Amino acid sequence: LSVLMPVYNEKATIMEIVRRVREVEIPKEIVLVDDGSKDGTRDILRDEIEGKYPDVKVVFHPENRGKGAAIRTAIENATGDYLIVQDADLEYDPREYFTLLEPLLDGRADVVYGSRFLGGGAHRVHFFWHRMGNGFLTLLSNMLTNLNLTDMEVCYKVFKAEVIKSIPLRCNRFDFEPEVTAKVARRKCRIYEVPISYSGRDYDEGKKIGWRDGVQAIWTILKYRFKD
């Protein structure tokens, strides 16, 4: 398993999330891509993580390019048979990798999405309008891809390496989510969803996605309905 971890200004959580991922008893590598952090995260990565662990790679972008760009860099540096996206905050629980990998390992799936809305583990309750926005974007994506996902915008997406490495990815920010969804749908990949927990944070705690990203997501959904 290759854990693809885009990082931007996460000095408060980076050491803890790396610890949690490393504790999961699955053969794996962690590919950290610092996307031009300015809050001291880069210093932590250089001083406390880079070269300290045999299962961790650290790559630095010289400037901020966005989550999608960081994921592309991580994919280029990944060597695992399966690739999973892991945010560098503490919203998602790495102990759920086992559940996410199951449909891949038993041969049913090519791609697995986590879903925060299928009745999985504990969920922090807040942000009504984020939930409504997520539902709208997922609905619009489903209409144009003919999928029936419940949570298109979820971080936890797991791919067979040969699938994700064969897809030309272009988006640089949070629009990675609708882009990759449109492109795995176009390729007729077998997609599964599994329920996951979610410990969402608010903006005071470092949440970054905003309404402009929602507008960009709408454009991306429409664009990749007709373009690969």
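The structure displayed is predicted, hence computed values, not measured ones. What you see below is based on every heavy atom in this structure, not just the backbone, and it leaves out hydrogens, waters and symmetry mates.
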For [X], look at atom [atom1] and say whether over 12 heavy atoms of other residues, nucleotides or ligands are found less than 6.0 Å away.
| X | atom1 | answer |
| --- | --- | --- |
| Met143 | CE | no |
| Glu25 | CD | no |
| Asp106 | CG | yes |
| Lys38 | NZ | no |
| Lys160 | NZ | yes |
| Arg186 | CZ | yes |

Tell me, with the steps shown, if Ile191 and Asp110 meet side-chain contact (heavy atoms from CB on, under 4.5 Å). CA-CA 6 Å; Ile191 304 169; Asp110 302 306; over 6 Å; no

Using only atom types and a distance under 3.5 Å, with no angle test, would you say the side chain of [X] pairs donor to acceptor with the backbone of [Y]?
| X | Y | answer |
| --- | --- | --- |
| Asn146 | Asn142 | no |
| Lys57 | Ala78 | no |
| Lys28 | Val3 | no |
| Lys188 | Val184 | no |

Measure the spacing between [atom1] of [X] and [atom2] of [Y] and express it to the nearest 0.5 Å.
| X | Y | atom1 | atom2 | result |
| --- | --- | --- | --- | --- |
| Phe174 | Cys155 | CZ | SG | 10.5 Å |
| Ile196 | Arg95 | CD1 | CZ | 13.5 Å |
| Thr13 | Arg19 | OG1 | CZ | 12.5 Å |
| Met5 | Asp34 | CE | CG | 12.0 Å |
| Leu32 | Leu4 | CG | CG | 10.5 Å |

Ignoring hydrogens, what is the shortest heavy-atom contact between [X] and [Y]? Give both atom names and the distance.
| X | Y | result |
| --- | --- | --- |
| Gly80 | Ser2 | N-OG, 2.8 Å |
| Pro94 | Val24 | O-CG2, 3.5 Å |
| Ser141 | Met152 | OG-CG, 3.8 Å |
| Thr220 | Cys171 | CG2-SG, 3.9 Å |
| Leu169 | Arg72 | O-CD, 3.2 Å |
| Thr145 | Ala182 | CG2-CA, 3.9 Å |

Begin from the C-alpha positions of Ser37 and Asp39 and carry the test side chain to side chain donor-acceptor pair (under 3.5 Å) through to its verdict. CA-CA 6 Å; Ser37 294; Asp39 69 338; 4.5 Å; no

So do the side chains of [X] and [Y] get within less than 4.5 Å of each other, counting heavy atoms only?
| X | Y | answer |
| --- | --- | --- |
| Glu48 | Ile14 | no |
| Ser199 | Leu90 | no |
| Ile75 | Lys165 | yes |
| Asp89 | Ile17 | no |
| Ile71 | Val85 | yes |
| Asp151 | Glu193 | yes |

Listed partners of Tyr92 passing ring pair (Phe, Tyr, Trp, His ring centres under 6.0 Å), at least two apart: Tyr156, Tyr198

Qualifying residue for side-chain contact (heavy atoms from CB on, under 4.5 Å) with [X], from [options]:
| X | options | value |
| --- | --- | --- |
| Val7 | Ile44, Thr41, Val58 | Thr41 |
| Gln86 | Val31, Val21, Val18, Ile30 | Val21 |
| Val59 | Asp35, Val33, Leu45 | Val33 |

Assess whether a salt bridge exists between [X] and [Y], defined as any Lys/Arg side-chain N lying under 4.0 Å from an Asp/Glu carboxylate O.
| X | Y | answer |
| --- | --- | --- |
| Asp175 | Arg173 | no |
| Glu177 | Lys157 | yes |
| Lys67 | Asp87 | yes |
| Glu179 | Lys183 | yes |

With a 4.5 Å cut-off on side-chain heavy-atom distances among I, L, V, M, F, W and Y, is there a chain of contacts connecting [X] to [Y]?
| X | Y | value |
| --- | --- | --- |
| Phe136 | Leu149 | yes |
| Leu101 | Tyr192 | yes |
| Phe159 | Phe98 | yes |
| Val154 | Ile84 | yes |
| Ile26 | Tyr53 | yes |

Before giving the answer on side-chain contact (heavy atoms from CB on, under 4.5 Å), spell out for Leu137 and Leu139 the whole-Å C-alpha distance, their side-chain angles and the decisive distance to 0.1 Å. CA-CA 5 Å; Leu137 292 174; Leu139 175 63; over 6 Å; no

Using the rule given for side-chain contact (heavy atoms from CB on, under 4.5 Å), can you reason through Val194 versus Leu118, listing the C-alpha separation, both sets of side-chain angles and the distance that settles it, and then say yes or no? CA-CA 7 Å; Val194 298; Leu118 280 178; over 6 Å; no

Does one side chain, of Tyr113 or Thr181, offer a donor that lies under 3.5 Å from an acceptor on the other? yes

Under a 3.5 Å threshold, yes or no: a donor from one side chain and an acceptor from the other, between Glu29 and Thr79?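 There is such a pair between these side chains.
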
Could you tell me if Arg46 sits above the aromatic ring of Phe60, with its cationic atom closer than 6.0 Å to the ring centre and no more than 45 degrees from the axis? yes

Derivation and outcome, side chain to side chain donor-acceptor pair (under 3.5 Å), residues Thr73 and Asn77: CA-CA 6 Å; Thr73 297; Asn77 286 271; 5.8 Å; no

Could you go step by step and tell me if Glu153 and Thr138 meet the side chain to side chain donor-acceptor pair (under 3.5 Å) rule? CA-CA 7 Å; Glu153 290 280 353; Thr138 298; over 6 Å; no

Test Leu105 against Tyr82 for side-chain contact (heavy atoms from CB on, under 4.5 Å), laying out the working first. CA-CA 9 Å; Leu105 294 175; Tyr82 304 97; 3.7 Å; yes

